[in-house]
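Beneath this line is the structure, given in structure tokens, with notes to follow.
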Amino acid sequence: MPPNFIRHIIEDDMQTGKYDGRVVTRFPPEPNGYLHIGHAKSICLNFGLSIEYNGSCYLRFDDTNPGKENIEFVNSIKEDVRWMGFNWDEHLYFTSDYFERLYAYAVELIERGNAYVDTQSAEEIRQNRGSLKAPGTDSPYRNRAKEENLELFQKMKDGEFEEGACVLRAKIDMGSPNIIMRDPALYRIRKHRHHRTNDQWCIYPMYDFAHCLSDSIEGITHSLCTLEFENNRELYDWILDALDVYHPQQIEFARLNLSYTVLSKRKLIELVEGDAVSGWDDPRMPTISGLRRRGYTPESIRNFCERIGVAKRDSLVDFALLEHCIREDLNKKAHRVMGVLNPLRVVIENYPEDQSEEMDAINNPEDKAMGTRKVPFSKVLYIEQDDFMEDPPKKFFRLGPGREVRLRYAYFVTCTNVIKDETGKVIELRCTYDPATRGGDAPDGRKVKSTLHWVSAQHAVNAEVRLYDNLFAVEKPAADDDFKATLNENSVQILKDCKVEPGLGKAEPGLACQFERLGYFCVDSRDSAPDNLVFNRIVTLRDMWAKIKKQQKFK
RNA sequence: AGAGGGUUAGUGUAGCGGUAUCACGACGGGUUCUGGUCCCGUUAACAAAGGUUCGAAUCCUUUACCCUCUGCCA
């Protein structure tokens, strides 16, 4: 991990012996949605730091709001953290495990005269809170006797009040310039079944109360969270001091923002529930499960998290960096194969009708240990429609009438004839091949300007390929009030008649490979079947020709 | 003067009083049976103004701009 301000703090603490050299962090998600790449940043930070400093990192579910949380989310979060490559060992915790202790802390706070039961309505409390510039006013119930508060809180716990009838509040300062400190609520009544404690409780601690005390109970040393909790730190410190308990150190860092997508749980939930995507694991989603299904590897995501760094300033990370990370990883690891997305039939006129032969192809030029494979060649082939132009512009090096190109690992072929349908669309090419160029090299040393990928028509396997693009059409969709209006209408394009080399027929779900000259693709883990192959495009290869085309268009 | 944070190339990030780092991107070139990879090069930044100092991105002051906070969400 490169240097960052949090590491500096930890290193200082190691020097001064602040926590006796211990480093204990935690990743504390609320199980009310799926994890996304912003969480990946936090996971890599918390687990990464604990590994680097020989400490530990706990996984704690912050499950204090039973109305929004459920077990499906708990399970998906565990799966995602594990998939990211991190291990919480035996340290799997739930805030709900501490409900009894938290309740005892609340009682103690009342006994110390630091909390009271307020029977104002939510509306009244809001009105009495004041504003950013004006102080609030004390609740009429603020100075209830200790015994009365104790009795009322007991009754809250026993279910004698309706939801909203009252709350337990910290007795701090209604005039505090920090609004968080104006007697914040600590406990509220929720007559809701909790996914772990069932109907055992009808009062639930607020995040601010539960979170800092959970950190304290667990002996967390460095409690890392995002910037929006900076204002809350004063309250955590107050609670911990009022109770005179172990005091972790909270450090805030900037949350991740990624261009062309959204990373707020609220917005992601809206996309899922509004059917803008097919689910939490839609390959266009920035969720960990979406990225996984898309074909991103844990290594690439971890690498990305390392490169974006950790700081306090708000930022917007280029999506291109994530793409760079997956290309870099897959370039080393992915098998090369040939697949044609938009097939154009090619007949090699001088190739024997019933002949076919096996060509040797390299699986990965970056790693010769990955070996070679045989690819069948025959008289009728498919090449990419984009690889032929009847009237090629400058700098188009691929096939055209009368041109010679190399078919990768096979032969040099020359286009001799172009066949069109009645609308003028090119539907077939006639070519001749040079038998002396078998394998792809010309004995006379002549060169061609381009090498094309291809598949043999009779041997090819059919596949569906889904081409993905950015979910949003603008860099900062979050800036828009109606963020859904900026969804990219062409974020997915489905191609049904793709042709891939026969070896892919038995590809396992999740397998990632490079379709040469096109990009990285993976077998969809949800929809692909042996008789119905489905590939997701993870990312395109960097594409010089695409850039040249763009430049030519602007000229 | 409501409080708390922040501001370094297009983007992200390092720097902790002594030549402004690295990565991505963009642009140009070389190698190449992938217009991929790889290699080489170019581009481009300390928000502003004062002050302290032999010397300031770094310390001090002022200003500007940005973010967060008025849930019985987290």
Side-chain angles (χ1 to χ4, degrees), chain A residues 2-4 8 28-30 32 62 64-65 67-69 118 121-122 125-127 129-136 163-169 176-182 184-190 203-204 206-208 210-211 225-234 252 254 259 265-266 306-325 327-328 331-332 336 338 361-362 364-366 395-398 405-410 412 437 439-441 447-453 475 514-519 540-548:
Chain A
N4 62 55
H8 292 320
E30 183 192 12
N32 69 339
D62 227 321
T64 57
N65 189 353
K68 290 185 175 174
E69 300 152 3
D118 195 346
S121 69
I125 288 179
R126 187 178 323 126
Q127 275 166 8
R129 190 147 30 220
S131 72
L132 291 179
K133 295 185 180 178
E163 282 191 17
C166 50
V167 290
L168 181 72
R169 287 232 258 171
S176 172
N178 181 358
I179 292 176
I180 303 283
M181 298 298 278
R182 318 237 261 232
L186 265 22
Y187 264 88
R188 78 293 211 185
I189 299 167
R190 275 293 120 86
I203 55 171
Y204 291 92
M206 298 288 292
Y207 169 86
D208 284 328
H211 194 85
C225 65
T226 45
L227 251 30
E228 66 268 28
F229 294 103
E230 268 179 323
N231 296 319
N232 303 50
R233 189 176 62 233
E234 191 181 353
E252 308 86 8
S259 59
K265 249 190 212 170
R266 193 212 100 215
E306 195 157 292
R307 289 183 196 219
I308 57 176
V310 181
K312 294 199 75 155
R313 72 189 88 109
D314 293 312
S315 60
L316 179 65
V317 174
D318 222 324
F319 200 90
L321 182 60
L322 221 205
E323 295 188 326
H324 168 80
C325 291
R327 284 192 191 109
E328 182 181 59
N331 178 49
K332 292 179 300 196
R336 270 58 170 172
M338 292 195 283
I362 295 165
N364 188 338
E366 306 298 312
K395 291 190 183 170
F396 182 88
F397 302 144
R398 281 111 94 144
V405 298
R406 171 169 37 234
L407 294 179
R408 179 134 219 209
Y409 300 127
F412 284 15
T437 57
D441 285 305
K447 303 281 182 203
V448 287
K449 293 190 89 170
S450 160
T451 299
L452 309 185
H453 62 277
E475 264 200 307
Q514 183 194 103
F515 286 11
E516 290 211 34
R517 304 209 303 131
L518 296 174
T540 61
L541 254 27
R542 286 182 65 216
D543 189 349
M544 266 304 179
W545 171 237
K547 281 182 192 172
I548 294 166

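Just so we're on the same page: letters track the sequence lines, and every chain starts at 1.
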Given atom [atom1] of [X] and atom [atom2] of [N], what is their separation to the nearest angstrom?
| X | N | atom1 | atom2 | answer |
| --- | --- | --- | --- | --- |
| I308(A) | A23(B) | CD1 | P | 17 Å |
| I180(A) | C73(B) | CD1 | P | 13 Å |
| M206(A) | C69(B) | CE | P | 15 Å |
| F397(A) | G36(B) | CZ | P | 11 Å |
| K265(A) | A74(B) | NZ | C1' | 8 Å |
| R182(A) | G71(B) | CZ | P | 11 Å |
| I362(A) | U32(B) | CD1 | C1' | 12 Å |
| D543(A) | G35(B) | CG | C1' | 7 Å |

Describe the nucleic acid contact of [X] in one word from base, sugar-phosphate, nothing, applying a heavy-atom distance below 4.0 Å.
| X | value |
| --- | --- |
| H211(A) | nothing |
| D208(A) | nothing |
| N232(A) | base |
| A122(A) | base |
| Y204(A) | nothing |
| P135(A) | nothing |
| V448(A) | nothing |
| L541(A) | base |
| S121(A) | base |

Earlier contact from the 5' end, RNA chain B, for F396(A) and Y187(A): F396(A)

Toward the 5' end of RNA chain B, by each residue's nearest nucleotide, K449(A) or K547(A): K547(A)

Paired with [N] by Watson-Crick or G-U wobble geometry, both distances under 3.5 Å: which nucleotide is it?
| N | answer |
| --- | --- |
| U68(B) | A3(B) |
| G50(B) | C60(B) |
| G10(B) | C24(B) |

Which of the following nucleotides, [options], is nearest to the side chain of [X]?
| X | options | result |
| --- | --- | --- |
| R307(A) | C72(B), C24(B), A14(B) | C24(B) |
| Y207(A) | G35(B), G36(B), A74(B) | A74(B) |
| A320(A) | G35(B), C72(B), C24(B) | C24(B) |
| I548(A) | G35(B), U34(B), A74(B) | G35(B) |

Per-nucleotide protein contact string for nucleotides 2-11 of chain B, where B marks a base within reach and S marks sugar-phosphate only (heavy atoms under 4.0 Å, - for neither): BBSSSSB--S

Contact pattern, 5' to 3', of nucleotides 37-43 of chain B - B, S or - by protein heavy atom under 4.0 Å: B------

Contact check, side chains of [X] and [Y], non-hydrogen atoms, under 4.5 Å:
| X | Y | value |
| --- | --- | --- |
| F396(A) | I548(A) | no |
| D314(A) | L227(A) | yes |
| Q514(A) | L541(A) | yes |
| N232(A) | H211(A) | no |
| E234(A) | I180(A) | no |
| R169(A) | I125(A) | yes |
| R307(A) | C325(A) | yes |

[N] to [M] separation - [atom1] atoms, rounded to the nearest Å:
| N | M | atom1 | value |
| --- | --- | --- | --- |
| C24(B) | U58(B) | C1' | 26 Å |
| A23(B) | U42(B) | P | 13 Å |
| U34(B) | G41(B) | P | 24 Å |
| A9(B) | A57(B) | P | 15 Å |
| A56(B) | A48(B) | C1' | 16 Å |
| A45(B) | U11(B) | P | 12 Å |
| U52(B) | U43(B) | P | 36 Å |
| C60(B) | G12(B) | C1' | 30 Å |

[X] [atom1] to [Y] [atom2] distance, which is reported to the nearest 0.5 Å:
| X | Y | atom1 | atom2 | result |
| --- | --- | --- | --- | --- |
| M338(A) | R408(A) | CE | CZ | 8.0 Å |
| R266(A) | N32(A) | CZ | CG | 13.0 Å |
| R517(A) | D543(A) | CZ | CG | 9.5 Å |
| N331(A) | R542(A) | CG | CZ | 11.5 Å |

Distance below 4.0 Å between [X] side-chain N/O and [N] OP1 or OP2:
| X | N | value |
| --- | --- | --- |
| H453(A) | U34(B) | no |
| R266(A) | C73(B) | no |
| H8(A) | G15(B) | yes |

Chi-angle category of G5(B) [syn within 90° of 0, anti beyond]: anti

Minimum-distance pair of heavy atoms, taken over all atoms of E30(A) and K68(A): OE2-CB, 4.5 Å

Intermediate values then yes/no, side-chain contact (heavy atoms from CB on, under 4.5 Å), F397(A) and V405(A): CA-CA 9 Å; F397(A) 302 144; V405(A) 298; over 6 Å; no

